[in-house]
Structures are given as C-alpha cells and as structure tokens.
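Comments concern the structure below.
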2 protein chains.
Amino acid sequence: MCSVNPGHCTLIKFIFLLLIIIHLSLNTAESVWPLPQIFIPSPERYQLKPQSFSFGYRRYLDTKHSCSVLDAAFKRYFSILFPGYSYANLITFSVFTLTISLDRHDCEGYPNQDSSERYKLSVFAGQASLNAETVWGSLRGLETFSQLVYQDDLGSYYINKTEIEDYPQFNYRGILLDTSRHYLPVQAILKTLDAMAYSKFNVFHWHLVDDPSFPYQSHKFPDLSNKGAFHPVTHVYTQSDVRRVISYARMRGIRVLPEFDSPGHTKSWGKGQSELLTPCYRGATPSGTFGPVNPTLPSTYQFMLSLLKEVASVFPDPYIHLGGDEVDFSCWRSNPYIRAFMHKMGFGLDFSKLEAFYIEKIVNITSILRKTSIVWQDVFDYHERRRFLSVVEVWKQGCYLCEVRRVVKAGLRVILASPWYLDQPGPTHNWARYYNVWPLAFKGTEKQKSLVIGGEVCMWGEYVDATNLSPRLWPRASAAAERLWSNERQTSCVERAFPRLQEFRCKLLRRGIQAEPLYVGHCKHEYQTV
Amino acid sequence: MCSVNPGHCTLIKFIFLLLIIIHLSLNTAESVWPLPQIFIPSPERYQLKPQSFSFGYRRYLDTKHSCSVLDAAFKRYFSILFPGYSYANLITFSVFTLTISLDRHDCEGYPNQDSSERYKLSVFAGQASLNAETVWGSLRGLETFSQLVYQDDLGSYYINKTEIEDYPQFNYRGILLDTSRHYLPVQAILKTLDAMAYSKFNVFHWHLVDDPSFPYQSHKFPDLSNKGAFHPVTHVYTQSDVRRVISYARMRGIRVLPEFDSPGHTKSWGKGQSELLTPCYRGATPSGTFGPVNPTLPSTYQFMLSLLKEVASVFPDPYIHLGGDEVDFSCWRSNPYIRAFMHKMGFGLDFSKLEAFYIEKIVNITSILRKTSIVWQDVFDYHERRRFLSVVEVWKQGCYLCEVRRVVKAGLRVILASPWYLDQPGPTHNWARYYNVWPLAFKGTEKQKSLVIGGEVCMWGEYVDATNLSPRLWPRASAAAERLWSNERQTSCVERAFPRLQEFRCKLLRRGIQAEPLYVGHCKHEYQTV
C-alpha cells in the first residue's frame with residue numbers, strides 16, 4: 001500500500017488517516033516501536049492482573065540456576081507493566097506467565113557487535129512464551145512484550161493474542177553523549193540508558209573527553225581530571241561511576257563504547273599532562289597556546305599506550321573509538337620541531353601524513369591491546385593508506401551515502417551518523433527527517449552493504465546538558481531507532497509511523513522519560529513537573 | 001564603552017573578554033539580572049549566616065500588623081539564600097537584618113498595570129534596607145537582594161556593600177502560556193511563575209482555550225470542558241486550580257491575564273455549546289464542519305456575556321484578552337444565513353466588517369463588565385473604526401516596529417510580542433536575537449512612545465508541553481526580561497550581557513529551574529535529573 005521507494009510515500013494521506021483510525025480502534029496493542037520484523041496481531045485479548053502475573057524460565061534455566069540479567073529485568077518490566085506494583089516473585093497461583101527460554105546461557109557476559117538479538121514471542125491463552133538465542137535477545141523480547149500490554153478506560157490490563165518474530169536490521173544502533181562540553185550527572189546517563197532500551201538502542205558511545213573538559217578520572221593519570229575537569233570532585237566520573245554506567249548498560253543489553261578522541265580535541269588533556277600537546281609558535285617563540293597532541297615525541301606514545309591500556313581494561317567492549325576528527329594543522333605548522341620532524345620523515349608539507357603517522361601508531365596500540373578501533377571519517381578521507389583501519393564513522397553532512405559507498409568499497413565497515421545529529425534543535429515535527437533515512441540506498445554489492453553495520457544518533461554537548469538532554473533526544477532518537485531496527489519496506493511511510501510514534505512517546509512519558517511532543521494533542525498520563 | 005546604537009555593539013570583543021575577566025574576579029556579587037537602573041557596588045563585603053539572618057519590617061508595618069505577601073516571600077527567599085535551611089523567624093540575636101519599609105500598605109490587593117515596582121536597596125555593615133512604594137516593588141527588591149548574596153569556595157555566604165535604585169522600563173512584562181494545544185499540569189504553571197519572578201516578569205498571559213481543547217472548567221457552562229477538554233477530569237483547570245494559580249502569581253507580584261480568543265480559534269468551544277459556531281456549507285447543504293463563532297445570532301452574545309461575566313469575576317485583573325486573531329472567512333462565506341445577514345447589514349462582501357461587528361460587541365460586553373480589553377493586532381489591522389480598542393498586541397513578524405508605530409499613532413496602547421516567539425526552537429546561542437530588540441526604536445513623539453506599555457514572550461503550545469517548557473523558555477525568556485526591565489543604554493552590548501546571563505542561568509539551576517545552557521561550560525550546581 002505504501003511505496004517502498006525510500007523517502008517517498010505515494011499513498012494519499014486521506015486513506016491513511018482512515019486506516020489509522022480503523023487500526024487504532026481495532027487493536028490498541030498493535031503499536032510496538034520499533035516495528036517488529038514479523039508481527040501477527042489478533043483481536044482476541046486476555047486480561048492480565050498484577051496479582052497473578054509472573055515471569056518464568058524454561059529450558060537450561062530453572063529457579064535454582066537463574067539469570068541475574070533476566071531476574072533484574074523481570075523486576076523492571078513488572079513495574080513498567082503495572083505502575084505502582086513491584087515484582088515479588090512470590091505468586092502462589094499464576095494465571096498468566098511469560099516463560100522465557102534461551103538457546104545459550106550467556107548471562108554473565110557482555111553484549112557485543114556479534115550478539116544475536118533475535119527473539120520469538122507468542123502470546124496465547126493464559127500465557128506467553130519468549131524464545132531467544134541470547135539473553136540480549138530476550139531483553140528485546142521483554143521490551144516488546146511490555147509494549148503489547150495496555151489498559152482499558154477502567155484500568156484493567158490486557159494483551160492481545162500475538163505472534164512476533166523479530167531481529168534488528170543493523171547490529172550497531174548507537175547514541176553518542178558528549179560529557180566534555182557539559183558534564184552530565186551520572187543519573188542523566190542512566191536515565192538515557194533506560195530510554196535507549198525502550199527504543200532498542202544497543203550502544204552507548206561515550207564521548208568522554210574533549211577540548212573543554214576531561215571528566216574521566218584515570219587511576220594512572222589522576223591529574224588529567226584533577227586539572228582538566230570543570231571541577232576535580234563534582235564534575236568527574238570516578239572509576240566507580242564508570243563501572244556503574246557499564247553495569248547499568250549491560251543489564252539492558254547495551255554496550256558502552258568509550259571514545260578518547262585524539263590528536264585534536266585534546267586541549268583539556270594538556271592541563272594534567274605536560275608535554276603531551278604541541279606548543280604553538282608565533283614566529284620563533286612559543287605563543288603560550290597549545291595545539292593537537294605532539295606526534296613527534298616518543299613520550300606521547302608511551303602515555304597513550306598507558307592510558308589506552310587502562311581504558312581497555314576498564315571498558316569491557318572489544319571496540320574503542322579513537323576519534324581522529326578535525327585536526328587543525330596550523331599549530332603543528334607553526335612549530336619548528338614539528339617541521340623538522342616532517343622533513344626528517346619525508347612528509348614534505350603534507351601534515352595529513354603526520355596525522356596518519358600518529359593515528360597508525362595509536363591504532364597499532366589498540367590492536368596490541370586486542371581492541372578494534374573506530375575512527376571518524378576524517379581519518380579515512382585524508383589518508384591514502386587505509387588498510388590499518390577497521391570501522392569508519394561517517395559524520396559529515398552533504399552526500400553522506402557517497403562517503404558510505406567509498407568506505408565500503410575500500411572494504412571497511414561503516415557506522416552512519418550524518419543524518420542523526422540531534423543536538424541541533426529543530427521543530428519536533430521535523431522528526432521525519434530522522435526517519436526518512438536509507439543507509440543502504442547506494443549502489444553497491446550485497447557484500448558491500450553488509451559492511452554498513454549500523455548508525456548512531458549524536459548528541460553533542462555545546463548546547464546540551466542535563467536540563468535539555470531528554471526532550472532533545474526523545475522521541476526524535478526513536479525515529480532513528482526504528483530505521484535501524486525495523487524492515488525498511490515496512491517502515492517507509494511517515495504517515496503510518498506518526499500515530500505509532502505518538503503512542504510510543506506517551507509510553508515514554510508513562511515511564512518517566514521527558515520526551516517532547518510531536519504535535520498538538522495529549523497523553524493519558526502527562527509528564528509530571530517536579 | 002559600548003555603542004548605544006541599538007542592535008550594534010562596536011567595542012572589540014577582545015577588550016570585553018578582558019573586562020569580563022577583571023569584572024568577575026573583582027566582584028562576584030555584581031551580577032543581577034535584569035540589570036538595575038542604578039547600581040553602585042563596592043568591594044567591601046559582609047558575611048551572612050543562616051543562623052543569624054533575619055527579615056524585618058519598618059514603618060507602617062510591625063510584627064503584629066504584618067504583610068502576608070511579604071511573610072511568604074521571606075520564607076521563599078530564605079530558602080533561596082540559604083539552600084537547605086528554612087526560615088524560622090525565631091532568631092533571638094540577628095546579626096544581619098534586611099529591613100523593609102513600604103510607603104503604602106497594599107498587601108491585600110492585586111498587582112495591576114499601574115502598580116509601582118520601584119524600590120531602593122542599600123546594603124551596608126550588618127544590615128540592609130529595602131524601601132518600596134508598594135508591596136510589589138518590595139518583591140522586586142527581595143529578588144535583587146537574593147541575587148546579590150553569593151558563596152565562596154568554602155561555602156560561606158557573603159554580600160557586598162551595594163546601593164541600588166531600580167524600576168522597570170516597561171510596566172507590562174509578560175509570558176504567554178498556551179494550555180489548549182497541550183494541557184500543562186498546574187505544577188508546570190506554578191514552576192513557570194517561580195521562574196518569572198526570578199526574571200522580574202509581572203504578567204502571566206494565560207491563553208487558556210483554543211481550537212484543540214477547552215480545559216477551563218466553567219461553572220456556568222460545564223459542558224465546555226466536559227466535552228471540549230482533552231479529558232474532562234485529568235485535563236481541565238478546575239475553579240480551585242485557577243484560584244491557586246492566581247493566588248500563587250499574586251504572591252510573586254504577577255498578574256494573571258486570561259485570554260478567551262474568539263471568534264476564530266474556537267473549535268473546541270463548539271463541542272460543549274451547540275449553535276455557537278458557524279455551520280460551514282458545501283453548496284446548499286451543511287458540510288458537518290464548523291467555522292468561527294456565529295456573529296449573526298443573538299444567542300451568541302448572550303452566551304459570551306454570560307461566559308465573560310464569569311471570567312471577569314474569576315480573574316481579578318482589570319484586563320481581559322479577547323484574541324481576535326486569524327479569523328478564517330471561508331466558512332462564513334459558505335453559509336447562506338451569514339451571507340443574508342451581511343446583505344441586511346450592508347457589509348457587501350467584506351467579511352472583515354462582520355468580524356468588526358462581532359468584536360465591537362464583545363469589547364462592549366467587556367466594558368460593561370468594567371474590564372479593559374486587549375486584542376491581537378489583526379483586529380486593529382482590518383478595521384477602520386478603532387476608537388473602541390484600548391490595547392493592541394503586536395505579534396506578526398516582519399517590520400513589527402512599523403506596526404507599533406501605526407498603533408500608537410492611532411492613540412492606542414501596544415504590547416509587543418513579535419520578536420519573542422520563543423516556542424520556535426532554535427540554538428540557545430541565538431539568545432541575543434531576543435536581547436537585541438528595541439521596542440522604542442521608531443519615529444514618534446515621547447507621548448506616542450509612552451503608549452508602548454511593554455512586551456511579551458509567547459510560548460505557543462503546538463510543540464510544547466510540560467516535558468520541554470522550561471528548557472525552551474529559560475534562559476531565553478530572561479533575555480527578553482532584561483530588555484523589558486532595564487535601561488536600554490546600559491544593556492545594549494550582548495558581549496557584556498553574556499557572562500551575566502550565564503551566571504543568572506546557574507542561579508536558575510540552583511533554584512530548580514530547568515534552564516538550558518547558553519554554551520559550553522558548567523555551573524557549580526548542575527541540574528539534577530530525577
């Protein structure tokens with residue numbers, strides 16, 4: 001009914017509105033966001049009661065050998081299903097049970113790039129069954145289950161007979177938070193992780209440090225935050241804070257990808273680590289200001305090895321983001337020692353060669369630490385030798401699919417961020433801008449397209465902190481979430497998505513997420529100001 | 001040092017930055033927002049301690065005959081001055097007293113358009129004195145006093161020797177909230193009133209009802225909200241809610257100006273009041289849809305008299321906003337009875353004459369009720385007879401000062417809203433757009449300029465509800481607040497205002513207002529996510 005031609009919906013709005021009305025009156029349970037791959041609803045419905053609802057395990061798992069990730073999820077989702085109630089797990093007579101089975105017992109590990117998130121959910125008389133290959137897939141299924149439950153006007157809970165088979169379109173579905181331009185209290189990060197799980201995002205890209213501040217409290221280099229954070233006590237992430245974020249994310253099937261961006265974007269590093277940054281010169285004398293990391297000194301690489309070794313052990317994810325964007329060459333150019341090094345290395349006047357020299361060394365360090373590196377597209381764009389790269393994140397505006405194509409043609413993997421720079425304020429009704437994105441709409445082989453591993457919403461911090469983070473992210477980021485999870489053909493119509501996204505936004509409010517409105521209207525449970 | 005040429009600041013930024021640094025290091029107490037008219041700070045400082053600080057009355061007022069508005073303000077401001085402490089008023093030995101004297105004992109009334117807000121504040125050794133003509137002026141002085149108090153790094157409180165004489169540039173300094181496109185919980189309105197008082201706004205323009213919903217619960221016409229609100233119980237303002245808002249506002253020296261916009265923008269009215277709206281026709285038969293209020297029926301005016309009579313008694317302010325904007329004539333044109341009425345009245349095909357006919361009648365009703373009416377500029381623009389108008393609110397974009405000039409030349413008073421449509425999201429760093437506004441920069445006599453009674457920030461509700469109201473309003477609305485309160489010549493430099501507004505925004509955070517950041521940086525006390 002809807003053209004699959006990406007970005008264009010040919011069906012007349014009038015018919016859609018009619019269909020939406022029919023659809024909504026038929027079955028209020030049908031709206032799951034992001035849309036599952038196979039979704040067979042039915043008008044037959046069953047009542048749920050908090051007093052007689054339970055979660056259970058099946059196959060490989062019994063109550064003696066349970067899964068801590070799922071046990072915690074049962075508590076969370078019980079409160080989401082039945083606000084005001086908490087899960088006691090002491091139900092003597094269960095009338096409705098959601099039984100979970102896992103193909104693998106992988107509750108102790110961390111989700112990673114290759115984790116299956118596939119699940120199968122059946123709701124039928126008096127029970128529901130959720131099967132998944134991994135615990136992470138079962139978390140996605142629990143989220144879907146929670147969205148199927150609804151209340152009638154009298155407050156009774158219902159769920160409809162439903163069959164769902166589901167898996168994500170892309171394995172990497174990230175949100176970047178920037179904690180350098182503004183410090184985000186840990187609570188704001190945890191709240192974002194909650195909301196991410198509701199939209200089935202699975203990577204928290206933590207842009208920890210940058211020019212303005214260095215809030216990561218390193219145990220090897222405490223001066224980095226002592227001198228480089230906005231405040232050494234109140235505006236830092238301690239090791240315990242970081243562990244808390246990683247653990248909170250893991251419980252929700254979310255990876256934490258740390259970024260330590262260099263050699264540019266490092267002004268704050270220089271405050272606590274002398275001789276790391278390049279002294280800029282005015283004529284023959286140092287000007288007193290500093291530029292990017294100094295790539296000519298062996299001490300730089302000793303420091304970076306030591307820091308990244310710590311980062312590699314603190315963050316369990318097999319990937320590290322190395323940044324590498326927007327390196328300003330003017331300071332390097334001004335420094336006679338850098339120029340002498342360039343001459344010695346035969347780089348001529350091409351400072352991008354010096355940058356490549358640096359990045360290659362850092363990528364090598366990352367490899368030694370058995371981590372895979374991700375870099376911003378600048379590293380790919382400005383260097384001829386690209387074999388040493390693994391994953392490139394495309395962020396620049398313009399023809400970003402041209403760039404995606406260039407990267408996959410070079411045999412490298414891609415994360416697409418360009419269309420999802422949500423730190424830019426804009427009318428919420430422009431959410432369709434973030435929905436009408438087609439990451440695979442470029443000429444390429446199937447193999448090349450498989451190199452596009454996913455996408456990422458970037459919430460840069462120049463104008464964002466805990467005061468406006470949530471309404472600026474949600475529900476606009478959820479539009480990107482559906483693009484990254486769901487089938488492109490089934491979700492190509494903005495008009496069809498609109499009422500579903502509106503309903504999902506009301507669910508976010510009900511769950512305490514400060515998601516801004518898409519347009520005129522109301523939710524049964526409005527956001528409560530404190 | 002700074003050119004007074006409106007909108008243009010000639011001093012080189014470099015020198016300003018230097019001055020700002022000197023300024024900040026010299027005296028952290030100097031930043032009061034909006035800037036007082038006469039402000040003589042001094043480096044001499046006195047310590048304040050919560051245990052030995054008190055408020056006191058002088059002249060016409062003693063403890064037996066105290067002022068309830070001020071007593072409540074003492075409690076509020078004590079907690080603002082000393083977070084974590086509450087005002088006991090049982091201090092046996094006061095070391096520092098702020099003594100208030102009023103020229104008039106007007107604590108029982110309401111602030112109005114002519115209320116003096118002038119005050120004089122002196123801080124000297126061991127005490128401070130605040131003199132005002134009215135209790136409303138003393139509230140402004142208390143706000144200023146609270147902004148003068150600061151903490152050093154060890155947590156001790158200080159205030160510097162200071163002399164201030166202050167009064168507003170404009171008597172009408174409003175914020176419009178729209179509770180029809182989205183319902184705003186009462187708590188969100190009260191929180192806005194708090195923040196308004198911090199920026200010395202003095203009018204809450206309550207755009208109560210509009211096309212999408214009618215949340216005002218009328219006791220004469222309960223069906224208006226029973227059928228016209230988003231929900232008849234959870235999404236309405238009861239009489240008690242309205243009283244609470246008015247009382248809360250009064251305690252902060254803020255007027256509540258109700259708007260019942262007609263004859264357009266009334267779709268929701270029609271649900272609970274049959275035969276009020278014009279039936280639209282397709283050819284010779286009614287189409288089933290409705291247009292603006294039907295101006296041809298006597299019952300319309302009986303209803304409006306009855307409704308406005310209630311409104312006039314519920315809202316104590318001497319002004320009522322009657323709307324009158326954006327009337328779509330197509331429905332009137334389609335209706336044969338309307339056309340017959342036009343013919344009978346000799347209006348020809350000029351529907352603006354019909355609109356004028358309606359508005360004149362409504363303005364007359366308002367006069368009978370002894371209220372002054374305010375209308376949107378459309379009413380002024382499209383009617384030749386303007387004598388019956390009093391106050392015109394200019395809202396359209398384009399050359400809004402041309403419009404202001406036209407209105408004052410017609411001898412009418414003006415409220416300027418055009419440059420302050422803050423519902424439009426935009427990068428916070430564009431705050432200067434709302435600061436660089438010069439309401440009197442038109443050719444006119446002094447008498448004509450005196451007819452510009454003030455300005456208003458409009459927060460329309462299409463994309464705004466309780467989730468994003470605060471960060472979208474603050475601190476951008478505070479930029480408008482300084483324009484409306486302070487001397488134009490002293491506040492013509494954006495660069496000089498920037499660090500002061502940044503500091504004021506940190507004060508807002510400290511007071512629990514979710515004010516978004518202006519740019520990269522931090523506050524000592526960040527906003528805490530719940």
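Protein chains get the first letters and strands the later ones, always in sequence-line order, with residue 1 at the start of each.
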Quiz item: What do you reckon, are the aromatic ring centroids of Trp206(A) and Tyr237(A) less than 6.0 Å apart?
Solution: yes
Quiz item: With only heavy atoms counted, which part of Gln424(A) is less than 4.5 Å from chain B, the side chain, the backbone, both or neither?
Solution: neither
Quiz prompt | Contact check, side chains of Arg472(B) and Val464(B), non-hydrogen atoms, under 4.5 Å | solution = yes
Quiz item: Who wins among Asp465(B), Asp423(B), Leu469(B), Leu184(B) for the most heavy-atom pairs under 4.5 Å with chain A?
Solution: Asp465(B)
Practice problem: Compute the centroid of each ring, for Tyr198(A) and then for Phe504(A), and state whether the two points are separated by less than 6.0 Å. | Solution: no
Practice problem: Answer with yes or no after comparing the ring centroid distance for Tyr150(B) and Tyr157(B) against a 6.0 Å cut-off, counting only values under it. | Solution: no
Exercise. Return the option, out of Lys191(B), His231(B), His525(B), with the maximum number of heavy-atom pairs under 4.5 Å with chain A.
Key: Lys191(B)
Quiz item: Given the options Arg181(B), Gln187(B), His522(B), which has more heavy-atom pairs under 4.5 Å with chain A than any of the others?
Solution: His522(B)
Quiz item: Which atoms of His182(A) come close to chain B, meaning under 4.5 Å heavy atom to heavy atom: side chain ones, backbone ones, both, or neither?
Solution: both
Quiz item: Is it the case that Arg252(A) places NZ or CZ above or below the six-membered ring of Tyr248(A), under 6.0 angstrom from the centre and within 45 degrees of the axis?
Solution: yes
Practice problem: Against chain B, label Glu462(A) side chain, backbone, both or neither, depending on which of its atoms sit under 4.5 Å from a heavy atom there. | Solution: both
Quiz prompt | Arg511(B) CZ: over 12 foreign heavy atoms closer than 6.0 Å | solution = yes
Quiz item: With a 4.5 angstrom heavy-atom cut-off, which part of Leu509(A) approaches chain B: side chain, backbone, both or neither?
Solution: side chain
Exercise. Under 4.5 Å, counting heavy-atom pairs only, tell me which of Ser470(B), Gly512(B), Ala515(B) racks up the most with chain A.
Key: Ala515(B)
